[in-house]
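Residue numbering restarts at 1 for every chain, and letters A, B, ... go by the order of the sequence lines.
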Amino acid sequence: MQHTRLFLGDEAIAQAALDAGIRGAYAYPGTPSTEILEYIQRAPEAAARNVHRAWSANEKTAMEEALGVSWAGKRAMACMKHVGLNVAADPFVNAAITGANGGLLVVAADDPSMHSSQNEQDSRFYAKFAMVPLLEPSSQQEAYDMVWAGLELSEKLRVPVVLRVTTRLAHSRADVRVRAPRPENPLSLPPDSRQYTLLPANARRNYAALLRKQRDMIEAAEASEFNAALDGADTSLGIIAAGIAINYLRENYPGGACPYPVVKVCQYPVPEAPIARLIERCRRILVLEEGAPYIEEMVRGHFRKSPEVRGRLDGALPRAGELTPDDVATALGLKEPPALKLAEVVKARPPQLCRGCPHADTYRFLNEALRAYPGSRPLSDIGCYTLGALPPYDAIHSCVDMGASITMAKGAADAGVRPAVAVIGDSTFTHSGITGLLDAAHENTPMTVLVLDNDTVGMTGGQESLSSGRLEGIVAGLGVDPAHMRVLTPLPKNHDENVKALAEELAYEGLSVVICRRACIQIRKRQ
Amino acid sequence: MKHDILIAGVGGQGILTIATILGRAAVREGLHLKQCEVHGMAQRGGAVYSHMRLSSGAIWSDMIPCGGADMLIAMEPMEALRYAAWLAPEGWLIANEEPVVNIPDYPEPERVHAEIRARPRHVLFNATELATKAGASRAANVALLGAASYFMQMPAAAFEQAIADQFASKGDKVVGANLAVFKAARELAESRAAK
Ligand SMILES: Cc1ncc(C[n+]2csc(CCOP(=O)(O)OP(=O)(O)O)c2C)c(N)n1
Ligand code: SF4
């Protein structure tokens, strides 16, 4: 029995994971992956089966929790944005060495064009690095089907499998045919208890097994229903189209019928046989892929016989940014690049803090307290509060990776900067700020850390923050002197007293933590 | 039959509601659809858009090619101009007159309106005002949808049913007010198009 539903790419993944019988989904919010776990949290069947669906502290804990579910023989999914995979890289790469027991699917949502991110790294490199299969859907339907296929492949080859989506598919809706649900696996621990004990002797044996499986992975990709060699009469050009790039190709031909031979790549490792055949037959090769020139580099380097390769590296397509149907049309010589000159009256409209946002009040008293130290530059982090880097606040001067405000400010203090100031959100703090603050507490580093506690994960749409009700306890537990831990309420009427309190901590030659606590107005509205 | 529609506005203006109602109407008519939208950073008061593609046949790209949109629906006049390049030469531009001034260098609204009026096919009106008069001050988005619907090959009843479904949980009064806004705006588009 099948029926059709309208799903965002992210929702298709979530529904498929529930249908395919996962025991738990583990995630930390991050655009464009957030909607996966949010969907599972709303789904009645998840509640009925009590599928694990609470947010994790960060992507590393999420990955390890999912690994534990897989260890116990059940199916699990860990979801994150691309940079989240950096945080989870240690368990991810080592999970390839332990292998999977129950199916283990790692969803990485990449953000080419950096719509909401610090970089546009391509998660396909991570799968290659860990030497595990990767699936990359070209449609919401494939996203749904690939969750099923990925979990099956994971159990068959006994390795974690990556599902890579990009922003466009994650946040685009289309109709999806869903399947009848499958029951959960029974609990069954791995038969050989050494499998997950990566002492060198065990690790070497597991690694040899992973290397042996590489051939199986390539064969699985060559036989995959998601990859295809589509014939075309005109062999003056051969096209390799990966993931959603195939849609931008078909968009340019009536009925989607491309006149050139095409190899569609949606399951990795890259299927070798059809690509080798394409290169044999065609004089020129055009590689269309979303993200980095991943396949393009392989084709240029590996297959020396290949005549002429076009793509992102030779300027046929833009080197950076999300691919568009227009880019592909231009590369095919079907269209001039569109003239995107804006009328003179059109001004940039950058995102900004909501009116009444507590962070705005915090930045006003921070700026005033810092007037005593001309040229000082607070280091900061990622969240709504990063918008304080823009006018009218111009209050913060860095945003690198989750938690880096505290550790960079510590480095700056170590280097002699006074006052050293870090500004971090409550969820960013519990994600990756705690360990850095432990370093600073251990050395009583002279710095002032402002924790902007709006009681939610604001940037990604107001998810529950794990810091809720625990912040003072965590800070005190790390060994911060209680005399230098303050809680302020960022409100216009408290401005003067907040300036005074902060000024005292800035002047203190030791570690201070100033919690600026007022709830995000967006979640206040919803309650 | 195909409609490629770009919807534009400022984060928080409710452009996703327009997309959702359009989607409901299209599904009711048995059409395929692909609709992409902006989540994340830009939703905090920045420029946002949604690409809505409806078709009786297969739809490939989630994004409308530049210069290919049959219609551009804009909740805000400057945002209409930001995406003007997406509109096909014979496409219709349906725009709200009411500016959202949340940046220091927002131009004179009259200059923005003049640029829109220079486009051959446009319906520029104060959707906020029309919605308020029809009894639903927060339904400027439904007003724009009403005006846009006049130019689409789908029956008014499909939209009306979709609006009723969309607001059903808020009660009959809200549904009735939104339907009144839809109808008033559709009539306005009809009279403008006749000119
Ligand atoms: C490794 C990583 N995970 C997730 C994100 C996405 N992300 C950016 S900021 C943020 C949360 C910010 O929450 P909080 O610190 O409470 O600040 P707020 O937005 O509420 O001001 C998230 C989830 C990211 N950029 N990097
Ligand atoms: S969502 Fe909340 S935290 Fe983010 S800018 Fe708005 S009020 Fe501030």
Side-chain angles (χ1 to χ4, degrees), chain A residues 6 8-9 30-32 34-35 111 115-117 139-140 167-175 244 246-253 255-256 322 324-326 328-329 335 337-355 357 384 386-387 391-392 458-461, chain B residues 10-12 19-20 23-24 26-27 31-48 50-53 57-68 76-86 100 102-109 111-116 118:
Chain A
L6 209 52
L8 288 179
T31 314
T34 312
E35 293 80 2
D111 189 20
H115 297 285
S116 298
S117 305
S139 66
Q140 291 76 358
T167 306
R168 199 51 60 185
L169 186 79
H171 289 165
S172 174
R173 233 175 278 278
D175 22 336
I244 61 171
I246 187 95
N247 302 334
Y248 301 148
L249 175 65
R250 286 178 169 153
E251 180 70 29
N252 285 293
Y253 298 101
E322 188 183 8
T324 68
D326 299 299
V328 173
K335 195 170 167 180
L340 291 176
K341 217 173 122 349
L342 289 176
E344 179 269 323
V345 295
V346 180
K347 309 292 179 201
R349 195 188 303 264
Q352 48 188 275
L353 295 174
C354 305
R355 204 176 305 170
C357 173
C384 282
T386 313
L387 297 170
M459 179 87 274
T460 44
Chain B
V10 178
T20 310
R24 283 178 188 267
V27 169
L31 298 175
H32 295 287
L33 82 82
K34 277 196 175 178
Q35 180 237 324
C36 64
E37 54 197 46
V38 176
H39 293 195
M41 191 92 165
Q43 280 178 301
R44 303 266 155 277
V48 292
S50 172
H51 290 223
M52 173 66 107
R53 314 194 74 185
I59 305 167
W60 301 113
S61 166
D62 297 88
M63 258 187 285
I64 302 169
C66 206
E76 205 279 343
M78 190 175 79
E79 296 311 315
L81 297 173
R82 191 183 309 282
Y83 299 99
W86 257 264
V100 174
N102 65 352
I103 48 171
D105 56 345
Y106 196 96
E108 285 292 305
R111 288 175 55 216
V112 178
H113 294 159
E115 287 273 352
I116 294 175

* chain B contacts, top residue of Glu35(A), His115(A), Lys341(A) (heavy-atom pairs, under 4.5 Å) -> Glu35(A)
* Output the option from Ser61(B), Ala47(B), Ala84(B) having the highest count of non-hydrogen pairs under 4.5 Å with chain A. => Ser61(B)
* What part of Leu8(A) is in contact with chain B, defined as an atom under 4.5 angstrom from a non-hydrogen atom: side chain, backbone, both or neither? -> side chain
* To do: Any chance you could measure Leu81(B), atom CG, to Lys347(A), atom NZ, to the nearest 0.5 Å?
  => 11.5 Å
* Any Val10(B) side-chain heavy atom under 4.5 Å of Arg349(A) side chain -> yes
* State, yes or no, whether a side-chain contact exists between Met63(B) and Asp326(A) at a heavy-atom distance under 4.5 Å. => no
* Answer with side chain, backbone, both or neither: which region of Cys384(A) has an atom nearer than 4.5 Å to a non-hydrogen atom of chain B? => side chain
* Structure fact -> When the 4.5 angstrom heavy-atom criterion is applied to Ala329(A) and chain B, the contacting part is neither
* Structure fact -> So, the part of Ser172(A) with a heavy atom under 4.5 Å from chain B: the answer is both
* **Asp175(A) vs Val27(B) side-chain heavy atoms within contact, under 4.5 Å** => no
* To do: Sort Val100(B) into side chain, backbone, both or neither according to what part of it lies under 4.5 angstrom from a heavy atom of chain A.
  => both
* Would you say the side-chain atoms of Arg250(A) pair up with the backbone N or O of Ile59(B), donor to acceptor, closer than 3.5 Å? -> no
* Structure fact -> Okay, Ala339(A) and chain B: the region with an atom under 4.5 Å from a heavy atom over there is backbone
* **Residue pair Arg355(A) / Asn102(B), side-chain heavy-atom distance below 4.5 Å** => no
* To do: Sort out for me which of Glu108(B), Met52(B), Arg82(B), Arg111(B) touches chain A most, counting heavy-atom pairs under 4.5 Å.
  => Arg82(B)
* **Distance (rounded to the nearest 0.5 Å) between Asn247(A) CG and Lys34(B) NZ** => 4.5 Å
* Pro325(A) portion near chain B, given a 4.5 angstrom heavy-atom threshold -> side chain
* **Heavy-atom side-chain contact between Ile103(B) and Pro350(A) under 4.5 Å** => yes
* Point-to-point distance, once rounded to the nearest 0.5 Å, from CH2 of Trp60(B) to CG of Asn252(A) -> 12.5 Å
* Can you find a heavy atom in the side chain of Asp62(B) that is under 4.5 Å from one in the side chain of His171(A)? -> no
* Structure fact -> Cut-off 4.5 Å, heavy atoms of chain A, and the answer for Glu115(B) is side chain
* **Contacting region of Leu387(A) [heavy-atom separation from chain B under 4.5 Å]** => side chain
* Contact part of Leu6(A) toward chain B, heavy-atom cut-off under 4.5 Å: side chain, backbone, both or neither? -> side chain
